[in-house]
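Every number for a ligand or one of its atoms is a count from 1 in the order of the listing.
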Amino acid sequence: METSKVKFLERTLMGPGPSNIDPRVNAAMTRPIMGHLDPEFLKLMDENMILLRKVFKTENPLTFPISATGSGGMEAALANIIEPGDRVVILVNGVFGERMADIAKRYGAEVKVLEIEWGKVFSPDEVKNFISKHAPIKMVGIVHAETSTGALQPLEEISYIVHNYNSLFLVDTVTSLGGTEVNLDQWGIDITYSGTQKCLSCPPGLAPVSFNEKAVEAVNNRKNPIISWYFDVSMLRKYWETGERFYHHTAPITMNYALWEALKIVEEEGLEARFERHSKLSNLLQNALEALGLKLLVEKNYRAPMLTSVLIPEDISDLDIRGKLLTQYSIEIGGGLRNLKGKIWRIGLMGYTCQKKNIALLISALGQCLNDSGFKADINAALSVLNGE
Ligand SMILES: *Cc1c(COP(=O)(O)O)cnc(C)c1O
């Protein structure tokens with residue numbers, strides 16, 4: 001069989017991740033490989049931890065990238081906290097909440113799921129009622145930015161409730177980190193995991209995590225060893241956090257270079273400026289989509305700035321339009337998952353991809369594809385929204 005058929009194409013990545021990466025991050029991955037115990041590489045690891053604490057807004061010593069994708073971060077967080085028989089609550093309003101519940105069950109937890117309509121966010125009251133019905137609970141898990149719907153969940157009040165019931169608060173910040181405010185210490189988030197390929201604009205492959213003192217205590221007080229060897233933070237911290245530099249597994253050197261460069265870029269831009277860019281440009285995208293004549297899934301106040309879900313108009317083929325965007329314009333957008341399959345498109349504006357020129361490109365291309373399919377998209381109105389800005 002022939003094996004030279006692959007084409008490596010330059011795509012505009014406007015789906016739910018991965019996002020495009022800054023050329024500097026690309027260049028960082030061509031740097032020479034050092035050993036994972038080389039004193040120079042150890043310096044880079046230390047700096048990655050310092051830079052990650054800044055984006056997470058935390059003082060947690062145990063903040064480092066797990067060698068895995070975001071789902072690996074999810075599994076690591078749950079594996080370390082959950083012991084067989086522990087009762088946990090998982091709040092589900094999309095695919096990633098579902099995945100959290102699935103993993104928690106596999107690690108032996110008694111999982112209580114509160115599920116609401118996808119695209120909506122949880123109110124503090126409904127969370128409080130649910131927790132009070134099932135207390136005592138070891139941990140409550142929730143997704144900050146649900147990438148399957150584009151809903152952004154407010155966290156502070158829920159965190160307060162969770163702590164009133166003496167539970168640990170676990171938050172998925174895979175899509176939100178680096179694109180909108182995430183404040184671990186101020187919001188009382190005990191455990192979080194993220195990913196590199198969304199708003200940090202680094203390739204997929206690492207999962208930054210952070211455990212606060214209470215979470216570390218929960219790990220230390222376990223009656224049973226952690227079922228997963230690879231994700232056991234009590235061993236991983238001896239390589240990352242302590243001076244021991246105890247060999248656990250070979251850190252993916254190149255990925256750590258990429259993360260270091262990506263985090264330097266975030267630091268140079270400044271977190272607040274970065275959030276402002278995502279917020280301003282996502283508003284612009286949303287206004288332009290509405291001007292085209294399209295409707296959005298999530299209510300205005302709860303839209304995640306890095307991911308917008310658009311309802312697919314009646315009689316328009318999901319696959320046909322996404323296929324044309326990819327082959328004719330080299331733009332990738334995402335489709336809906338599970339019960340939203342065929343019903344929405346998911347348009348990402350994450351990190352390096354979040355630029356006005358990409359919005360203009362997408363709006364013209366999408367408008368053209370829709371018109372070719374018989375939907376009357378008002379491209380002029382949408383472009384004047386972009387120009388008027
Ligand atoms: C992408 C994503 C994940 C999973 O990350 P992978 O890198 O695909 O394993 C988990 N949670 C959320 C909210 C995500 O957007």
Side-chain angles (χ1 to χ4, degrees), residues 13-21 52 55-56 65-79 90-104 106 115-116 118-122 141-155 169-182 184 189 191-210 228 230-231 252 255-256 258-259 262 278 282 297-298 302-309 332-338 340 344-351 353-354:
L13 296 172
M14 302 187 80
S19 54
N20 288 112
I21 64 176
L52 281 176
V55 273
F56 276 129
I66 295 266
S67 308
T69 68
S71 306
M74 189 188 292
E75 182 145 353
L78 293 164
I90 308 289
L91 302 168
V92 177
N93 60 349
V95 165
F96 294 104
E98 265 188 353
R99 185 172 298 179
M100 223 192 253
D102 182 1
I103 296 175
R106 288 166 192 247
E115 179 158 359
I116 58 168
W118 292 19
K120 299 261 190 291
V121 297
F122 291 91
I142 195 168
V143 177
H144 189 203
E146 201 13 290
T147 324
S148 62
T149 65
L152 185 71
Q153 173 69 51
L155 294 170
F169 192 39
L170 175 143
V171 179
D172 174 318
T173 54
V174 176
T175 285
S176 51
L177 191 70
T180 192
E181 174 84 359
V182 171
L184 296 194
I189 296 171
I191 314 117
T192 191
Y193 58 86
S194 189
T196 43
Q197 78 274 25
K198 316 258 166 132
C199 292
L200 296 179
S201 270
C202 187
L206 289 176
V209 296
S210 187
S228 166
Y230 191 69
F231 291 133
M255 281 309 306
N256 274 280
L259 179 61
H278 281 83
S282 67
L297 174 75
V298 178
Y302 300 112
R303 287 180 196 153
M306 64 293 296
L307 191 103
T308 298
S309 289
E332 177 182 280
I333 65 167
L337 300 173
R338 213 88 85 241
L340 291 170
I344 59 168
W345 289 312
R346 294 180 297 149
I347 302 172
L349 279 181
M350 299 181 178
T353 304
C354 183

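Nearest residue to atom 6 (P) of ligand 1 from P16, G70, G195 is G70 (criterion: closest heavy atom).
For the pair G72 and ligand 1, the shortest N or O to N or O distance does not fall below 3.5 Å. Any N or O atom pair closer than 3.5 Å counts here, and E146 shares no such pair with ligand 1. The shortest N/O to N/O separation between Q197 and ligand 1 falls below 3.5 Å. Where the criterion is an N or O separation shorter than 3.5 Å, residue side chain and backbone included, Y193 fails it with respect to ligand 1.
Under the 3.5 Å distance criterion, with hydrogens and angles disregarded, no donor-acceptor pair is assigned to the side chains of R338 and S148.
Ligand 1 does not have A207 within reach: every non-hydrogen atom of the residue lies 4.0 Å or more from it. The closest approach between a heavy atom of H144 and any atom of ligand 1 is not below 4.0 Å.
Close approach to K198 involves these atoms of ligand 1, each under 4.0 Å from a residue heavy atom: 1 (C), 2 (C), 3 (C), 14 (C), 15 (O). Interface of A145 with ligand 1, defined as ligand atoms under 4.0 Å from a residue heavy atom, comprises 13 (C). Close approach of ligand 1 to S71 (heavy-atom distance below 4.0 Å) involves ligand atoms 4 (C), 5 (O), 6 (P), 9 (O). Atoms of ligand 1 found under 4.0 Å from any heavy atom of T147 (numbered from 1 in listed order, with element): 12 (C), 13 (C), 14 (C), 15 (O).
With hydrogens and angles ignored, the 3.5 Å screen pairs a side-chain donor or acceptor of S282 with a backbone N or O of H278. The closest donor-acceptor contact from the side chain of Y230 to the backbone of S67 lies under 3.5 Å. At least one donor-acceptor pair under 3.5 Å links the side chain of S194 to the backbone N or O of T173. When atom types are taken as modelled, the side chain of E98 and the backbone of V92 share no donor-acceptor pair closer than 3.5 angstrom. No donor-acceptor pair under 3.5 Å is formed between the side chain of Q153 and the backbone N or O of E146.
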Worksheet item: Going through the distances and angles, do N93 and T149 end up as a side-chain contact (heavy atoms from CB on, under 4.5 Å)?
Response: CA-CA 8 Å; N93 60 349; T149 65; 5.6 Å; no
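Every residue was checked against the salt bridge (Lys or Arg N to Asp or Glu O under 4.0 Å) condition with E115, not counting sequence neighbours, and none meets it.
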Output a table of donor-acceptor pairs, distance under 3.5 Å, between side-chain atoms of residues 14-21 and any protein atom two or more places apart or on a different chain; print 'none' if there are none.
unit_1	atom_1	unit_2	atom_2	d
S19	OG	Q197	O	3.2
S19	OG	K198	O	2.8
S19	OG	S201	OG	3.2
N20	OD1	L13	N	2.9
N20	OD1	T353	OG1	3.3
N20	ND2	R11	O	2.8

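Nearest non-hydrogen protein atom to atom 3 (C) of ligand 1 is F96 CE2, 3.3 Å. Ranking the protein heavy atoms by distance from atom 11 (N) of ligand 1 puts D172 OD2, 2.7 Å first.
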